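Down below is the structure, laid out as structure tokens.
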Amino acid sequence: MRHIVLVIISAAAVLSGCSGAGKTKVLEPEEVVEAFCNAVTGGEYELALEFCDSTMMCQYVEGIRATVSEAARRDSSAAGIAAAILKEAEIEIGDIRKEQDRRLVDYSIVISDEIRKDKIATMKKEEGEWKIEAITDRI
């Protein structure tokens with residue numbers, strides 16, 4: 001038994017010393033916005049929260065989750081249709097501006113030629129990763 005434990009510890013030490021082992025690519029601000037939007041439109045709210053920094057953003061995601069849950073409770077077929085439409089939405093990234101230590105990412109959620117929502121994500125770096133601090137409508 002002791003021999004097996006030593007082999008496991010040795011293997012773990014070797015693997016942790018390999019270049020790139022356990023490292024993941026740090027996403028750029030626009031990649032974070034796109035991943036966040038895909039998580040939200042796909043109903044993966046816990047994943048969406050991983051891209052957020054502030055309490056305000058947690059409330060934003062929870063508000064979306066509550067709205068979707070309420071719609072499903074009222075009319076499950078309408079909620080299913082809405083979910084299918086959202087999964088087909090395209091995310092278009094626009095300008096990315098630097099503002100002190102933050103990045104402002106202009107983006108649009110496009111459902112059709114007539115249905116488009118223009119937004120701005122305010123990003124800040126936290127522990128080496130870009131996080132969404134706020135989302136506002138772009139006017």
Side-chain angles (χ1 to χ4, degrees):
M1 177 71 161
R2 184 169 183 238
H3 177 70
I4 294 171
V5 171
L6 290 174
V7 170
I8 292 170
I9 291 171
S10 297
V14 169
L15 289 175
S16 67
C18 294
S19 63
K23 293 183 181 178
T24 58
K25 178 184 176 256
V26 175
L27 299 177
E28 294 297 322
E30 65 274 16
E31 294 172 315
V32 172
V33 169
E34 192 166 359
F36 171 81
C37 290
N38 288 331
V40 169
T41 59
E44 299 178 65
Y45 304 111
E46 294 304 316
L47 176 60
L49 288 170
E50 292 180 22
F51 300 108
C52 300
D53 176 54
S54 66
T55 302
M56 185 172 76
M57 282 305 300
C58 291
Q59 291 171 347
Y60 181 87
V61 172
E62 291 304 323
I64 293 170
R65 183 193 321 235
T67 300
V68 170
S69 293
E70 179 62 20
R73 188 186 66 74
R74 289 183 182 192
D75 184 352
S76 61
S77 62
I81 292 168
I85 291 169
L86 282 176
K87 281 187 179 184
E88 296 299 316
E90 291 184 27
I91 309 303
E92 293 179 357
I93 303 294
D95 292 335
I96 302 166
R97 299 177 307 283
K98 184 177 180 180
E99 189 175 277
Q100 296 173 358
D101 62 341
R102 288 175 168 65
R103 299 294 181 276
L104 303 177
V105 179
D106 294 341
Y107 72 98
S108 300
I109 301 170
V110 182
I111 296 174
S112 70
D113 290 338
E114 297 84 32
I115 302 173
R116 169 187 200 96
K117 198 72 171 157
D118 299 321
K119 301 281 191 177
I120 300 171
T122 302
M123 314 285 297
K124 76 174 186 178
K125 224 171 198 181
E126 180 180 285
E127 297 179 12
E129 295 183 356
W130 289 103
K131 299 287 185 173
I132 301 172
E133 186 176 47
I135 294 177
T136 55
D137 288 334
R138 188 171 39 159
I139 301 172

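Since the structure is predicted, the reported quantities are computational estimates derived from the model, not experimental observations.
Applying the side-chain hydrogen bond (donor to acceptor under 3.5 Å, both in side chains) rule to Glu90 yields no partners; only residues at least two apart in sequence or on another chain are considered. Residues that satisfy the salt bridge (charged side-chain N to carboxylate O under 4.0 Å, His left out) test with Asp75, not counting sequence neighbours, are absent from this structure. Scored by the side-chain contact (heavy atoms from CB on, under 4.5 Å) test, Asp137 finds Lys117, Lys119 as partners (sequence neighbours excluded). Qualifying salt bridge (charged side-chain N to carboxylate O under 4.0 Å, His left out) partners for Arg65, counting only residues two or more places apart in sequence or in other chains: Glu46, Glu62. Not a single side-chain contact (heavy atoms from CB on, under 4.5 Å) links Ile139 to another residue, sequence neighbours left out. Taking the side-chain contact (heavy atoms from CB on, under 4.5 Å) definition, one finds that Ala35 meets it with Phe51, sequence neighbours left out. Evaluation of the salt bridge (charged side-chain N to carboxylate O under 4.0 Å, His left out) rule for Asp53 yields Lys124 as partners, not counting sequence neighbours. Partners of Thr136 under the side-chain contact (heavy atoms from CB on, under 4.5 Å) rule, at least two apart in sequence or in another chain, are Ile120. Among residues two or more places apart in sequence or in another chain, the salt bridge (charged side-chain N to carboxylate O under 4.0 Å, His left out) test is passed with Arg138 by Asp106, Asp118.
In this structure, Met56 shares a hydrophobic cluster with no other residue, the cluster being traced through Ile, Leu, Val, Met, Phe, Trp and Tyr side chains under 4.5 angstrom apart.
Under the 3.5 Å distance criterion, with hydrogens and angles disregarded, no donor-acceptor pair is assigned to the side chains of Arg102 and Thr122.
Cys58 and Leu49 get closest at one heavy-atom pair: CA-CD2, 3.8 Å. Contact detail for Cys52 and Met57: the closest heavy-atom pair is CB-CB, 3.7 Å. Across every non-hydrogen atom of Tyr107 and Ile93, the tightest pair is CB-CD1, 3.9 Å. Across Val40 and Tyr45, no two heavy atoms sit closer than the pair O-CE2, 3.9 Å. Nearest heavy atom pair, residue Phe36 against residue Ala48, reads CD1-O, 3.5 Å.
Using a distance-only test at 3.5 Å, with no hydrogens or angles considered, no donor-acceptor pair links the side chain of Ser108 to the main chain of Val110.
In this structure, Ile132 and Met123 have side chains that are in contact, with non-hydrogen atoms separated by less than 4.5 Å.
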* Asked: Which is it for Lys131 and Glu129 under the salt bridge (charged side-chain N to carboxylate O under 4.0 Å, His left out) test, yes or no, and what are the steps along the way?
  -> CA-CA 6 Å; Lys131 299 287 185 173; Glu129 295 183 356; 3.8 Å; yes

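There is no path of hydrophobic side-chain contacts, each under 4.5 Å, that joins Leu104 to Ile135. In terms of hydrophobic clustering, with Ile, Leu, Val, Met, Phe, Trp and Tyr side chains grouped at heavy-atom distances under 4.5 Å, Val32 and Leu47 are assigned to a common cluster.
Residue pairs meeting the salt bridge (charged side-chain N to carboxylate O under 4.0 Å, His left out) criterion with at least one partner in residues 27-37, sequence neighbours excluded, are Lys25-Glu31.
Within 6.0 Å of the CD atom in Glu70, the count of heavy atoms belonging to other residues, nucleotides or ligands exceeds 12. In the displayed structure, Glu126 atom CD is contacted under 6.0 Å by more than 12 heavy atoms of other residues, nucleotides or ligands.
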